[in-house]
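A short worksheet on the structure shown next.
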Amino acid sequence: MSEEIKTTNFIHDIIDADLAAGKHQEIITRFPPEPNGYLHIGHAKAITLDFGTAEKYGGRCHLRMDDTNPEAEDDEYVRAIQEDIKWLGYDWGGHLYWASNYFDTMYEYAVRLIKKGKAYICELTSEEFKEYRGVPTRPGKEPPGRNRSAEENIDLFERMKNGEFKDGTYVLRARIDMTSPNLHLRDPAIYRIKHATHHNTGDKWCIYPMYDFAHCIEDSIEGVTHSMCTMEFEVHRPLYDWILEELDVFRSRQYEFSKLNLTYVVLSKRRLLQLVNEGLVSGWDDPRMPTLCGMRRRGFTPEAIKKLCAIVGCTKFEGITEIEQFESIVRDDLNENSLRAMGIVDPIKLVIENYPEDLTEEFEVPNHPKKEELGTRKVPFSREIWIERTDYMDDAPNKFKGFTVGREVRLRSAYLVTCNSVEKDANGNVTVLRCTYDPETKGGSAPDGRKVGSTIHWVSAKHAVDAEVRLYDRLYTVENPLADKEKDFKDFLNPDSLEVITAKLEPMLAEANPGARYQFERVGYFCADKDHTPESPIFNRTLTLRAPRKIA
RNA sequence: UGCCCGAUGGUGUAAUGGAAGCACAUGUGACUUUGACUCAUAGAGUCCAGGUUCGAACCCUGGUCGGGCAACCA
């Protein structure tokens, strides 16, 4: 994960041109979440663009809480957002800002527009408002209050601010063009009355600015040079420009890029909330959730998330990236950087009949196959061990490389062992493999140089640690659960997205720190859960190894 | 439907008027004390039709297809 991906895109081309033209000395961007929900992988794309662009050009990126709607926002989200951004490895330095800190300026700016005759108070109900606005194919018509005098408008606006009116009785609108083909320019509402307590400003205000009015002003106040957002704001851009132009303030510029889409992933905030509220997942940080906190708990690395964003790039074309792309990046990272361990997910007993009853040996097992500097660890070995059920097969064909009666297999770093017979329960399931070992093959290699078909992982039965292991899989059964308009996305929930089992782990795993990542050899990548303790170990499966083993 | 945006292998992208390249995915083979990793190898692409040009993925025109917008949300 060390190699840098060169990132350039159409926005960087624009920045290059701006810099060459001497338009800016410093590039300033911003990431402006509304603190009304948890950040997800889609936000990560915006974060890497906003912070990554600032990094690339030696500028800075502000973290700005876009808290202009007191009804939706909460301090809990503010905390979580900061934690997630830090986890991704970005730092806003001292540049944490709040839209709500600009409410005074915004109010003044609104007054300035009113004085210029560019904004007015409108008394239409929201139904009438829509009626007057018209539809795309039909122009709107002028609302009754459109030509009220500036004095009257200012008086009304002040009384709005003073709390003289109920919610919804009046709204401040920009005076632009009721016949514009762009609906956003048909005298959009820019301030509304909301008698609500704001998480930051308390009860100081009962009027709050709308997104379109607030956002460009926030950018302008902070001197943001390049304000990046997703495509759906493209039609808002003329309004963004109009407001800054009319106010005659610093002209930030808005650029739009397309959202991230991933197969087998749903990112809509509303639907994520549904999963949580209906108990379909354990919470916002359920390891199946595409939230950054969920992905963190799952064991995905920030490096992998950032690399995905780099590979996906930044374009105006909306596509859908295959989840395999991400999984490949994750495996690449984890293969390189995680320590190896042995754990049995579906255990069957193997008894070495010619091995002493009460002997325990310790074998040196490498912590990483390609990185000797990561050293070795001691793993206890004894007469009875656990192996993976899938490593035995009756009458196995040559293609199958594990145990079958009469075949010799290597126990990783231990001995070559031959299976002589098996025991089965009433249902025909194998319960015990009866084997013999070759004492001359200590460490796993034979003095006579003979080869074996495979090397399998194992855990000494008397030393094994029982752990709760959560095997996660895709949350949905189809690539795009939203594609079928006839059905609800929840109809496509994968019933097998979580399987909880008790695994047999090598002893050192009990001591893992919560969050520590391991590759359980030949099984997959696992991460100690945040609730993991030595007394009750819990591991989450991040991903299986590539190409699930074919049982021949 | 009005306006806006876009279109490069199956998927994500690069090439900015001068050899269409990379990654993922897929197939085949090699190696292996992880059926992983690694390595080798194969197939597969410029939406369509015109135009400009010595030369077009790139510029122009017209289509086609896809996405977005029509909250007192952001």
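To find a chain, count down the sequence lines: A is the first, B the second, and so on, and within it residues start at 1.
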Between [X] and [N], is there a side-chain N or O to OP1/OP2 distance below 4.0 Å?
{"X": "A:R133", "N": "B:C72", "result": "yes"}
{"X": "A:R340", "N": "B:C37", "result": "no"}
{"X": "A:R412", "N": "B:G35", "result": "no"}
{"X": "A:R522", "N": "B:G35", "result": "yes"}
{"X": "A:T68", "N": "B:A74", "result": "yes"}

Report which part of the nucleic acid [X] touches: base, sugar-phosphate, or nothing (heavy-atom distance under 4.0 Å, all strands).
{"X": "A:V135", "value": "nothing"}
{"X": "A:L124", "value": "base"}
{"X": "A:T321", "value": "sugar-phosphate"}
{"X": "A:G319", "value": "sugar-phosphate"}
{"X": "A:G134", "value": "nothing"}
{"X": "A:D13", "value": "base"}
{"X": "A:S258", "value": "nothing"}
{"X": "A:I320", "value": "sugar-phosphate"}
{"X": "A:Q519", "value": "base"}

**Study point:** Pair A:R30 + A:E218: basic N to acidic O under 4.0 Å
**Key:**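 Salt bridge: no.
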For nucleotides 29-32 of chain B, list the nitrogen or oxygen atoms of the protein found under 3.5 Å from its nitrogen or oxygen atoms, one pair per line.
none

Send over the distance from [X] [atom1] to [N] [atom2], rounded to a whole Å.
{"X": "A:N261", "N": "B:U13", "atom1": "CG", "atom2": "P", "result": "10 Å"}
{"X": "A:M228", "N": "B:A74", "atom1": "CE", "atom2": "C1'", "result": "18 Å"}
{"X": "A:E479", "N": "B:G12", "atom1": "CD", "atom2": "P", "result": "11 Å"}
{"X": "A:I190", "N": "B:C72", "atom1": "CD1", "atom2": "P", "result": "14 Å"}

Review point. Would a distance-only check, ignoring hydrogens and angles, find a side-chain to backbone donor-acceptor pair under 3.5 Å from A:T441 to A:L416?
Key: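 Checked: pair present.
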Check your understanding: A:H198 side chain to A:N200 main-chain N or O, any donor-acceptor pair under 3.5 Å?
Key ->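 Here the side-chain-to-backbone pair exists.
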Hey, are the side chains of [X] and [Y] touching, using non-hydrogen atoms and a 4.5 Å cut-off?
{"X": "A:I221", "Y": "A:I217", "value": "yes"}
{"X": "A:L267", "Y": "A:V265", "value": "yes"}
{"X": "A:R331", "Y": "A:L543", "value": "yes"}
{"X": "A:F10", "Y": "A:H12", "value": "no"}

Review point. What nucleotide among B:C72, B:G2, B:A74 has an atom nearest to a side-chain atom of A:Y211?
Key: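 It is B:A74.
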Point to revise | Candidates B:A74, B:U34, B:C72 - which lies nearest the side chain of A:S126 | key: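 Nearest nucleotide to the side chain: B:C72.
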Aromatic ring proximity, centroids under 6.0 angstrom, [Y] and [X]:
{"X": "A:Y476", "Y": "A:Y264", "answer": "no"}
{"X": "A:H199", "Y": "A:W98", "answer": "yes"}
{"X": "A:F526", "Y": "A:Y518", "answer": "no"}
{"X": "A:Y255", "Y": "A:H226", "answer": "yes"}
{"X": "A:F400", "Y": "A:Y392", "answer": "no"}

**Study point:** A:E336: which of A:R517, A:K307, A:K371 passes salt bridge (charged side-chain N to carboxylate O under 4.0 Å, His left out)
**Key:**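 For A:E336, the salt bridge (charged side-chain N to carboxylate O under 4.0 Å, His left out) check succeeds only for A:K371.
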Check your understanding: Is the Lys NZ or Arg CZ of A:K194 less than 6.0 Å from the centre of A:Y208's six-membered ring, within 45° of the axis?
Key ->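 Judged by the rule, A:K194 and A:Y208 form no cation-pi pair.
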Check your understanding: Can A:K316 be said to sit on top of A:F257's aromatic six-ring, NZ or CZ under 6.0 Å from centre and within 45° of the ring axis?
Key ->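 Relative to the ring axis of A:F257, which defines the angle, A:K316 lies outside at least one limit.
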Revision key, fill the gap. Heavy-atom contacts, protein to nucleotides 22-28 of chain B, under 4.0 Å, summarised as B (base), S (sugar-phosphate only) or - (none) per nt, yield -BBSS--
Point to revise | Under 4.0 Å protein heavy-atom contact, by nucleotide of nucleotides 62-69 of chain B - B base, S sugar-phosphate only | key: -----SBS
Review point. Could you write out RNA chain B as a dot-bracket string, with dots for unpaired bases, | for bases paired across to another strand, and Watson-Crick or G-U pairs counted at under 3.5 Å?
Key: .((((((..((((....[..)))).(((((.......)))))....(((((..]....))))))))))).....
Review point. Which residues pass the salt bridge (charged side-chain N to carboxylate O under 4.0 Å, His left out) test with A:E362, sequence neighbours left out?
Key: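 Not a single residue meets the salt bridge (charged side-chain N to carboxylate O under 4.0 Å, His left out) criterion with A:E362.
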Exercise for review: Output the residues of residues 364-378 of chain A in contact with RNA chain B, where contact means a heavy atom of the residue under 4.0 Å from an atom of the strand; sort by number or write none.
Suggested key: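 Going residue by residue through residues 364-378 of chain A, the ones with a heavy atom under 4.0 Å of RNA chain B turn out to be A:P369, A:K370.
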Check your understanding: Mind checking the P distance from B:U61 to B:G10? Whole angstroms is fine.
Key ->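 To the nearest whole Å, 29 Å.
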Check your understanding: With rounding to whole Å, what would you report as the distance between B:A15 and B:G6 at their P atoms?
Key ->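 After rounding to an integer number of Å, I get 16 Å for this pair.
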Check your understanding: Are a donor atom and an acceptor atom from the side chains of A:H215 and A:D66 found within less than 3.5 Å of each other?
Key ->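 Judged by distance alone, the side chains do pair up.
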